[in-house]
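Numbers restart at 1 for each chain; the letters A, B, ... are given by sequence-line order, proteins then strands.
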Protein chains: 2
Amino acid sequence: MTYTQLPTPKAEVSTQRLLKGETLFYQGDHTAAIFIVITGRIRLLRHLADGNAIPLYFANDGETFSEAALFSDVYHCDAIAEKNTEIEIHPKKALLDAFAVNPDLAMTFMAHLARQVINLRSRLEIRNIRSAEERVIQFLKLEISDPGNSITFASPLKDIAASIGLSHEAFYRVLSTLEREGKIVREGRKIGLVG
Amino acid sequence: MTYTQLPTPKAEVSTQRLLKGETLFYQGDHTAAIFIVITGRIRLLRHLADGNAIPLYFANDGETFSEAALFSDVYHCDAIAEKNTEIEIHPKKALLDAFAVNPDLAMTFMAHLARQVINLRSRLEIRNIRSAEERVIQFLKLEISDPGNSITFASPLKDIAASIGLSHEAFYRVLSTLEREGKIVREGRKIGLVG
DNA sequence: CGTCCGCTTGACTCAGATCAAACTTGGTGG
DNA sequence: CCACCAAGTTTGATCTGAGTCAAGCGGACG
């Protein structure tokens with residue numbers, strides 16, 4: 001899941017710690033960089049004309065955000081730390097320069113974006129499945145398809161539940177049902193598909 | 001919504017008509033092109049080891065699909081026409097060559113992908129809103145934020161409902177409630193936000 | 001003129017959200 | 001080393017809102 005290699009020259013990459021509640025940038029700020037969450041969580045939200053704000057995304061461990069900053073002069077949303085968070089900073093200029101010098105790097109980044117598009121689309125599709133049980137099964141199949149036939153989640157199952165649009169209670173219940181029915185095997189955060 | 005400009009040299013672009021049920025490519029086929037749906041709908045689905053298939057995405061009017069083909073030798077899913085569909089074919093080689101010759105084109109495509117990432121993320125976020133009414137309001141705010149304060153949907157409201165994860169009945173009901181409460185103004189597929 | 005499809009509204013049902021409470025685990029600090 | 005606290009996990013009981021089924025309307029299109 002964590003395909004977070006940005007082709008920024010190492011010398012140009014820095015890190016920063018944000019305290020819970022701290023703002024990384026505001027909507028309208030001049031764009032300077034794109035970011036990767038090392039640990040923590042960044043909330044992205046957009047202000048509307050009426051003063052309201054709508055949540056756009058939560059970036060978790062290993063995820064990149066504000067990629068579009070590369071193609072825009074200003075940020076289109078606020079970025080605020082949900083909890084204490086460490087981020088990696090990839091200056092826009094360094095990245096763009098790297099792309100200009102070495103087109104292969106541009107292709108690498110392009111591939112990174114393309115994979116994200118695919119991944120997000122399939123996550124959206126999963127949300128169209130109404131039944132909690134079926135949704136969990138399809139999700140597991142998707143996650144497990146690549147490696148062997150089991151997966152060990154890095155984050156609490158609670159968070160996995162949220163990411164597929166279920167309350168954690170519902171998610172735990174489905175897992176124990178599936179286990180009882182012998183469709184999966186569990187060991188903490190390690191889940192294996194049977195059959 | 002329809003940001004579908006691919007920087008393929010015009011001479012290299014062709015179109016093709018698919019009948020309902022016809023297959024464009026199979027999982028495992030050698031990748032030759034990426035595509036845009038002009039009109040119709042393409043279903044993307046992935047086969048699993050157990051013989052089952054899971055739906056990955058439905059590409060509708062104006063949408064691109066199989067972008068990842070640029071970075072892979074084989075397709076990772078099947079593409080089948082849901083109904084009679086016309087597509088635009090952008091040969092992989094022509095695109096990659098164009099990128100190599102003119103890095104600006106690569107940046108254009110990159111920007112296209114980045115926008116899609118942003119857009120998909122916000123669609124995903126909208127699905128986290130449980131209340132149908134609130135979900136519709138946030139969706140409308142997102143869609144309308146850019147242009148004036150109203151939007152005219154190109155596709156039937158029925159399809160819009162599906163795209164935000166509501167049954168069409170629920171969607172129609174919410175719309176008429178919002179209209180009754182004076183929060184929106186409607187005229188067929190044209191919807192304006194009030195306030 | 002008839003058929004299909006999008007739209008609309010009503011009634012009912014139930015799956016999953018929500019509220020609640022207990023248990024486990026892990027880390028922290030005294 | 002243990003007491004304590006926070007967070008994750010688990011299970012139970014209840015409730016509600018969106019899905020589903022059903023039925024009617026009207027416009028587009030052949």
Asks: Is any side-chain nitrogen or oxygen of Ser131(A) closer than 4.0 Å to OP1 or OP2 of dA15(C)?
Replies: no
Asks: Assign Arg130(A) to base, sugar-phosphate, or nothing according to its heavy-atom contacts below 4.0 angstrom with the strands shown.
Replies: sugar-phosphate
Asks: Counting only side-chain nitrogens and oxygens, does Ser176(A) get under 4.0 Å of the OP1 or OP2 atom of dT10(D)?
Replies: no
Asks: Could you check how far OH of Tyr172(B) sits from P of dG24(D), rounded to whole Å?
Replies: 19 Å
Asks: Between dC7(C), dT10(D), dA18(D), which one does the side chain of His168(A) approach most closely?
Replies: dT10(D)
Asks: I need the single residue from Asn60(B), Thr64(B), Thr85(B) that forms a side chain to side chain contact (heavy atoms under 4.5 Å, CB included) with Val37(B). Which is it?
Replies: Thr85(B)
Asks: So, is Arg186(A) close to the dT10(D) phosphate, meaning a side-chain N or O under 4.0 Å from OP1 or OP2?
Replies: yes
Asks: If you look at every strand shown and take non-hydrogen atoms under 4.0 Å, does Gly165(A) touch a base, only sugar-phosphate, or nothing?
Replies: sugar-phosphate
Asks: Please report, rounded to the nearest Å, how far the P atom of dC19(C) is from the CZ atom of Arg173(A).
Replies: 14 Å
Asks: Around atom CD of Glu181(A), are there more than 12 heavy atoms from other residues, nucleotides or ligands closer than 6.0 Å?
Replies: yes
Asks: For the pair made of CD in Glu133(B) and P in dA18(D), what is the distance, rounded to whole Å?
Replies: 9 Å
Asks: Would you mind telling me which of dG16(C), dG19(D), dA17(C) lies closest to the side-chain atoms of Ala170(B)?
Replies: dG19(D)
Asks: Provide, to the nearest angstrom, the distance between the CG atom belonging to Leu175(A) and the P atom belonging to dG8(D).
Replies: 16 Å
Asks: Tell me which one of Thr15(A), Thr8(A), Ile34(A), Leu6(A) satisfies side chain to side chain contact (heavy atoms under 4.5 Å, CB included) with Glu88(A).
Replies: Thr15(A)
Asks: Rounded to the nearest angstrom, tell me the gap between atom CG in Leu157(B) and atom P in dC5(C).
Replies: 17 Å
Asks: So, are Arg43(A) and Glu125(B) salt-bridged, with charged N and O less than 4.0 Å apart?
Replies: no
Asks: Between atom CG in Leu166(B) and atom P in dT8(C), what is the gap in whole Å?
Replies: 15 Å
Asks: Specify the separation, in whole Å, of atom CZ of Arg189(B) and atom C1' of dC7(C).
Replies: 10 Å
Asks: Using whole Å, report how far CD of Glu169(A) lies from P of dA15(C).
Replies: 18 Å
Asks: Would you mind classifying the nucleic acid contact of Arg135(B) as base, sugar-phosphate or nothing, using non-hydrogen atoms under 4.0 angstrom?
Replies: nothing
Asks: If we only count heavy atoms from C-beta on, is the Gln16(B) to Leu24(B) side-chain gap below 4.5 Å?
Replies: yes
